[in-house]
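Inspection log for the structure reproduced underneath, given as structure tokens.
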Amino acid sequence: MTTYQFFTTAWTWNSIVLILSAVALVGYFLAFGQRGRPLYFAAAAVVFLLALISPFSALANGYLFSAHMVQHILLVLIVPALLVLSLPQSFSLRSPITHPLIGWIAGVGAMWLWHAPTLCNAAATSRTVSAIQTTSLLIMGSLFWWQVLAPREEQRLSPLAGIIYLFTACTACSVLGIILTFAPVSICPVYQHPVDRLGILSTIRGDWGLTSDRDQQIGGLLMWVPMCAIYATAILAQLARWHSSPEPEQSNA
Amino acid sequence: MNGTTTIAEFRDAILDPAKRAHYRLAWLSTVDHKRIGVLYMLTGLFFFIVGGVEALFIRLQLAVPNNHLLHPDTFNKLFTLHGTTMIFLVAMPLLFGFVNYVLPLQIGARDMAFPRLNAFGFWCQPFGGILLHFSILAGGAPAVGWFSYAPLSETPYSSTPGIDYWAIAIFVLGLGTISFAVNTITTVISCRGPGMTMRRLPLFTWMNFINSFLILIALPVLNAGLAMILIDRQLEGHFFLPFRGGSAVLWQHIFWAFGHPEVYIVVLPAFGMVSEIIPVFSRKPIFGYEFVAASTVAIVVLSSLVWGHHMFTVGMGRPMDLFFIITSMLIAIPTGVKVLNWSATMFGGRIRFDVPMLFCIAFLIQFTFAGLTGISHASAALDWQTKNSYFLVGHFHFVFVGAIVFAMLGALPYWFPKMSGRMMSESLGRWTFWLWVIGFNMTFIIQHVLGLYGMPRRIFTYPDIPGWGWMNMLSTIGVFFMSAGSLVLLWNVAHSLFRGRVAGDNPWNAWTLEWATTSPPQHENFVALPPIHSRRPLWDVANPDRPDPVVGDDQVVLPDHNKTGILAFIFSEVGFFGTLILAYLYFYAHPQAGPGPKGLDVPRTLIFSVCLFASSFTFWRSEVALTKQRRGSMLGWLGLTIALGGVFLVGQVNEYWKLFQTGVDLSTNMFSTTFFTLTGFHGLHVLIGLIVLLIFLWVAWEGDFASSRPGSAFKAAGYYWHFVDVVWVFVLLTVYILPLMR
Amino acid sequence: MLQHAINPRQGAEKGKQVCKVPTMQTSNALDPQSPQARAIYDLAIPSTIIFALIFVIVTGAIIYAILSFRGRAGEPDPKQIPGNRKVEIAWTIIPFLIVILLLVMTISAMNRADPPPAPSPDLVVTGHQFWWQVDYPGSGAITANEIHIPTGKALSVRLESKDVLHEFWVPELTRKMSNVPGQPNHIWLQADKPGTYIGQCSEFCGTQHAWMRIVVVADEPSKFEEWQRAQLLPGQAPKSDATAKGLALFQTSTCINCHAIRGAAGADLRVAPDLTHVASRKQLAAGILENTPANMRLWLKSPQHIKPGALMPDFNLTDEQLDQLSAYLSTLQ
């Protein structure tokens with residue numbers, strides 16, 4: 001089929017995902033009512049749905065490694081950040097899981113873990129594993145972002161520590177990105193020989209010019225550069241926060 | 001004499017024979033940051049003359065077509081030495097010299113955090129320089145360009161040892177630079193005066209602080225690459241020899257992953273200088289401090305992502321080209337925006353056109369030009385015509401000379417009064433300025449045109465193509481103006497040392513803390529510090545009616561300097577081991593015939609690994625015992641740590657031995673080369689750690705652990721030891737476990 | 001400039017120590033002669049205008065500041081302005097937009113200048129220290145340093161290297177591309193009009209990197225076919241006594257270890273330029289000498305004297321041997 005046909009017809013109206021999103025939306029309003037920041041939550045929901053039901057998701061499910069990577073980035077970085085940002089000002093969480101080290105390992109680990117060849121393959125072929133992957137990405141991503149986006153100032157890392165936290169995470173993901181970019185096509189074997197359920201493979205290989213080599217390369221580059229850009233933006237936001245922390249009383253010493 | 005400082009005293013002392021002898025030793029053995037700063041600058045100045053003479057001969061050879069002034073081989077050696085010298089032996093020491101002198105003063109500190117490390121870092125400079133130039137006597141200088149592309153730099157094509165000297169010299173210089181960066185980071189974090197919070201740091205300090213992180217990211221990658229090229233050349237490895245399974249392009253990736261951050265490493269201190277001078281001479285604070293500070297961080301993050309723009313013609317594939325184009329264009333934004341901030345600082349000011357300001361104005365215009373030609377290189381399509389041509393040569397000289405040298409030429413008359421107590425001559429300074437402006441622009445603007453007219457770089461001569469002759473001649477003539485300007489400068493420095501007008505504490509009415517003490521500063525810098533509530537403490541003192549807004553709160557938190565220092569060092573090791581692991585993985589993904597990871601004895605290695613991991617546990621117990629002042633327990637656990645580490649090393653030696661017995665050594669195939677390199681360097685780090693621990697054991701045995709100061713150093717050693725373990729986890733996973741997962 | 005300029009200093013006097021270097025043609029990136037080079041040029045002009053505007057605005061602002069805000073000694077300090085957030089954001093966003101524009105323009109130019117290669121190449125150019133090996137896989141023709149192409153057709157060129165990194169650059173016709181040992185690269189080579197276009201190796205490759213020049217001769221397709229047919233013929237047999245002795249010398253000395261003359265003798269190893277039609281080329285030794293019998297003799301007398309560091313050693317031939325050998329080689333049209 002043509003590109004246009006593909007983008008207009010390949011929407012997967014995944015009922016489970018839709019129902020869960022609706023439940024989450026309702027749950028959010030019940031829990032937080034007006035105190036929350038509903039716009040962020042709505043944005044999170046929209047991005048989540050786009051990642052999972054748009055034609056894009058069809059590409060990610062077994063066709064293109066690079067599309068899978070975009071989905072990954074959305075699910076582990078963008079949606080969780082929006083979720084944490086949507087929490088109300090008064091929300092507080094004191095638990096061992098909010099230790100910075102856990103957050104860091106969760107965020108970085110989520111990326112590395114799901115790119116082990118067996119796990120990557122499994123997630124692309126089995127719906128159960130894919131569901132587990134999505135859930136884990138959301139949770140681990142949220143744990144990661146909690147350290148810098150938690151609603152209460154004292155539960156976040158100090159701005160400078162936050163910068164180190166983000167920078168080291170960026171480096172760790174860059175290393176994986178570099179490996180993926182330069183490795184031969186074997187990280188996620190299922191994408192090398194996609195099963196052409198939708199009849200789109202010739203368009204991908206032909207019109208779009210995406211061979212499996214190029215696809216993996218792009219996937220690696222996406223993990224590397226745009227992810228780093230997201231981290232870099234977060235770092236700059238930390239700096240801005242640092243510089244605008246409230247001035248003390250003018251003591252005229 | 002108790003280490004009272006610098007040039008004023010030196011000047012008095014050399015006139016007295018009795019004091020002369022003492023002074024020689026005092027300068028050679030100094031650990032005072034001010035003297036070390038001066039030593040850095042003197043070394044840099046010396047090599048500037050060397051590098052300049054090299055440039056002069058290059059331009060003389062190129063002045064006319066078909067010239068025979070120099071043998072082609074001589075020319076090739078000259079441009080190799082010129083590039084290497086100017087970057088590693090001139091730009092870096094001169095800049096670090098300024099930082100060494102001024103930074104501790106700006107934060108109200110007595111000295112750098114690690115004075116002896118500071119001296120070590122300095123002495124790497126002259127030794128590295130001597131090593132590099134010794135190659136001339138030992139078979140010939142290297143002749144492959146300052147970035148030594150493989151395979152030309154490999155033994156089959158360059159058999160004389162010049163490149164080996166080059167690699168080892170740069171490694172030594174790199175060690176000095178890394179020490180300097182560790183020291184700078186620790187000084188800024190752990191040695192600030194009361195009230196000097198991180199948000200109140202002057203921009204010169206802030207930029208050099210952030211720059212130091214970039215040094216720690218980039219230099220170790222170079223070190224890994226140098227190790228690999230030396231292994232290729234001396235131990236028959238094949239990292240970069242395509243016809244033996246290696247990759248020529250891999251060298252380029254590794255080198256430029258260092259090389260591009262390197263150019264930011266030299267430009268950020270220059271930015272810092274300009275960020276101090278322009279506000280003072282415009283009589284206004286910098287426009288948009290927060291943005292300038294934040295853009296520095298953005299540059300550091302981005303500069304690790306742009307290196308591929310040096311490789312647009314190597315054939316990386318369109319997707320990779322594209323990503324590097326995007327990042328390279330993006331980095332222009334924080335860089336360019338700074339120019340706007342500096343210019344806006346001048347608006348509404350009352351500009352004084354003293355010599356430092358003149359050089360900064362030239363800097364602004366020249367750097368803008370350099371940045372724009374830089375963006376043209378970020379556009380791969382344009383780069384496909386201009387790269388490796390004189391257009392590129394013009395571009396990078398506009399950055400190195402037009403921006404960095406000009407910033408230093410402005411910083412010298414600015415801080416010279418503080419260092420020596422005397423002002424430099426204004427009129428001689430203006431002569432220097434105009435000679436340099438005319439000479440520099442004459443030499444380098446025309447080179448952009450030459451490049452567009454098809455002249456490649458690194459050619460010892462050229463045919464009589466229309467235009468090339470007169471353009472090259474013009475370019476050569478400019479060199480004489482720059483040389484004249486340099487001579488005037490040298491004369492100015494020498495003359496002003498003895499006859500300059502006395503400067504006083506604050507001749508420029510500047511606002512940062514270095515001006516709050518005598519010129520030159522006394523021993524340990526400050527008798528007393530003014531109150532610090534804003535970014536310009538001396539402005540507040542001079543203008544109590546309109547002080548700067550208070551910045552943040554007054555609480556200064558100073559983490560332990562040993563911990564900061566070792567963490568900074570560990571941060572640098574990440575780049576080193578990261579590069580080696582990535583190189584291993586690269587060749588693992590392109591397997592060759594011959595031995596492979598399947599031939600390794602994994603269970604045995606796991607047993608020895610457990611010993612190593614256990615040693616981290618025993619070290620922790622030893623630390624706990626130290627805090628509880630239980631000497632015997634501490635010694636016991638420490639001894640056990642050393643023993644376990646030793647067992648690991650024995651196990652590794654044993655593994656190597658077994659491999660050698662089966663005929664597998666470094667040169668067998670790419671797996672063996674990368675395997676021995678990676679595990680070998682890890683083993684070396686274990687060995688060094690063991691030596692450090694043995695020293696602690698000896699000191700503890702002698703009973704010198706009463707106070708807590710050794711405790712903090714002991715903890716720092718612990719961080720290093722645990723880090724070595726963490727690296728081994730990654731090596732284990734990558735080399736031993738990964739093949740089992742297939 | 002497309003003239004066949006001849007260097008007046010080419011006269012070969014025995015023992016004279018002058019490098020008789022040919023051609024005074026330009027190799028001007030600002031004078032594109034092919035669609036690929038034009039694509040890059042079409043990007044360069046608007047980009048340069050943008051850059052020039054930015055430079056003029058910034059420099060203008062600086063000069064304005066210098067002229068308008070001069071201070072005098074003793075004056076009080078002016079109003080201390082720490083910054084302006086709106087201005088900062090504006091002058092961050094505007095460069096960002098310019099960057100996006102440049103990016104789009106760049107991608108378009110890259111696609112036009114460097115489309116994906118053909119499945120099999122029309123031309124293979126292999127870099128050696130310090131000469132270019134040129135193969136035509138279609139016809140089997142082999143030559144060195146001088147590339148003939150038909151006008152009006154885009155040729156897919158594969159670039160390789162037998163030793164170190166080299167880089168192929170003919171500014172008026174195409175982008176630069178490296179010859180990487182172990183990794184073939186591809187460019188498109190095309191010329192709109194007949195003529196001679198020059199270029200050079202642009203990746204430092206050793207002592208004589210400067211003299212690794214490229215000559216691209218574009219002919220009308222019919223003329224090109226003629227040239228290619230001539231290249232496929234074996235080397236001309238000697239017709240005189242001297243040239244026969246020259247051939248004998250070639251066959252019995254070490255020449256044949258490196259050089260090939262089809263139909264006569266020689267290595268098939270491609271270690272050195274193919275000499276079957278050496279006399280038909282415009283230049284010798286990758287551009288260091290104009291190709292005349294006298295210069296041929298000069299080269300054979302002492303290659304290391306003309307091009308020190310070239311991989312052809314001096315053979316210390318006698319004067320008589322030189323006469324014969326150069327006479328023979330000069331017949332190989």
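Labels below follow one simple rule: chain letters A, B, ... track the order of the sequence lines, proteins then strands, and each chain is numbered from 1.
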Sequence neighbours left out, cut at 3.5 Å: what donor-acceptor pairs do the side chains of residues 45-63 of chain C make with other protein atoms?
{"residue": "C:Ser47", "atom": "OG", "partner": "C:Leu43", "partner atom": "O", "Å": "2.5"}
{"residue": "C:Thr48", "atom": "OG1", "partner": "C:Ala44", "partner atom": "O", "Å": "2.5"}
{"residue": "C:Thr59", "atom": "OG1", "partner": "C:Phe55", "partner atom": "O", "Å": "2.8"}

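- Looking at B:Ile286, only its backbone comes within 4.5 Å of chain C, counting heavy atoms on both sides.
- Each side chain to side chain donor-acceptor pair (under 3.5 Å) pair with one or both residues in residues 339-352 of chain B, not counting sequence neighbours, appears once here: B:Ser275-B:Trp342, B:Asn341-C:Glu88.
- Options C:Cys205, C:Ser161, C:Cys201, C:Gly309 differ in how many heavy-atom pairs under 4.5 Å they form with chain B, and the most are formed by C:Cys205.
- Between C:His209 and B:Asn76 there is no side-chain heavy-atom pair separated by less than 4.5 Å.
- Under the 4.5 Å side-chain criterion, counting only non-hydrogen atoms from C-beta, C:Thr207 is not in contact with B:Phe460.
- In this structure a side-chain-to-backbone donor-acceptor pair under 3.5 Å is present from C:Lys176 to B:Lys387.
- C:Asn185 touches chain B through its side chain: at least one heavy atom from C-beta onward sits under 4.5 Å away, while N, CA, C and O do not.
- C:Asp77 is listed as a side-chain neighbour of B:Trp539, based on a closest heavy-atom distance under 4.5 Å.
- Ranking C:Ala39, C:Gly199, C:Ala29 against chain B, the residue ahead of the rest is C:Ala29, based on heavy-atom pairs under 4.5 Å.
- Heavy-atom distances place no part of C:Asp42 under 4.5 Å from chain B, backbone and side chain included.
- Taking C:Met177, C:Arg175, C:Met105, C:Lys79 one by one and counting their heavy-atom pairs under 4.5 Å with chain B, the maximum is reached by C:Arg175.
- Proximity of a side-chain donor or acceptor of B:Gln385 to a complementary backbone N or O of C:Pro171 within less than 3.5 Å is detected.
- C:Trp211 is not listed as a side-chain neighbour of B:Pro72, based on a closest heavy-atom distance of 4.5 Å or more.
- With C:Gln80 contributing its side chain and B:Arg283 its backbone, the two residues share a donor-acceptor pair below 3.5 Å.
- In this pair, C:Phe204 and B:Phe79 present their aromatic rings perpendicular. The plane angle is above 60°, beyond the 30 to 60° band.
- Proximity to chain B (any heavy atom under 4.5 Å) is shown, for C:Glu203, by both the backbone and the side chain.
- Using a 4.5 Å cut-off on side-chain heavy atoms (C-beta onward), C:Arg213 and B:Pro463 make contact.
- Contact of the C:Met110 side chain with the B:Trp384 side chain is registered, since non-hydrogen atoms from C-beta on lie closer than 4.5 Å.
- The closest donor-acceptor contact from the side chain of C:Gln183 to the backbone of B:Ala248 lies at 3.5 Å or more, if one exists at all.
- If you measure heavy-atom distances from C:Tyr64 to chain B, the contacts under 4.5 Å come from the side chain alone.
- Only the backbone of C:Pro82 has a heavy atom closer than 4.5 Å to any heavy atom of chain B.
- A side chain to side chain contact (heavy atoms under 4.5 Å, CB included) with B:Ile326 is found for one member of C:Ile100, C:Leu103, C:Val99 and no other, namely C:Leu103.
- Residue contact with chain B, scored on non-hydrogen atoms closer than 4.5 Å, is absent for C:Ser68.
- In this structure, chain B has no heavy atom under 4.5 Å from any part of C:Asn179.
- For C:Trp91, the parts sitting under 4.5 Å from any heavy atom of chain B are the backbone and the side chain alike.
- Taking 4.5 Å as the limit, some side-chain heavy atom of B:Tyr157 sits within range of a side-chain heavy atom of C:Gln129.
- With a 4.5 angstrom heavy-atom cutoff, C:Pro116 does not touch chain B via any of its atoms.
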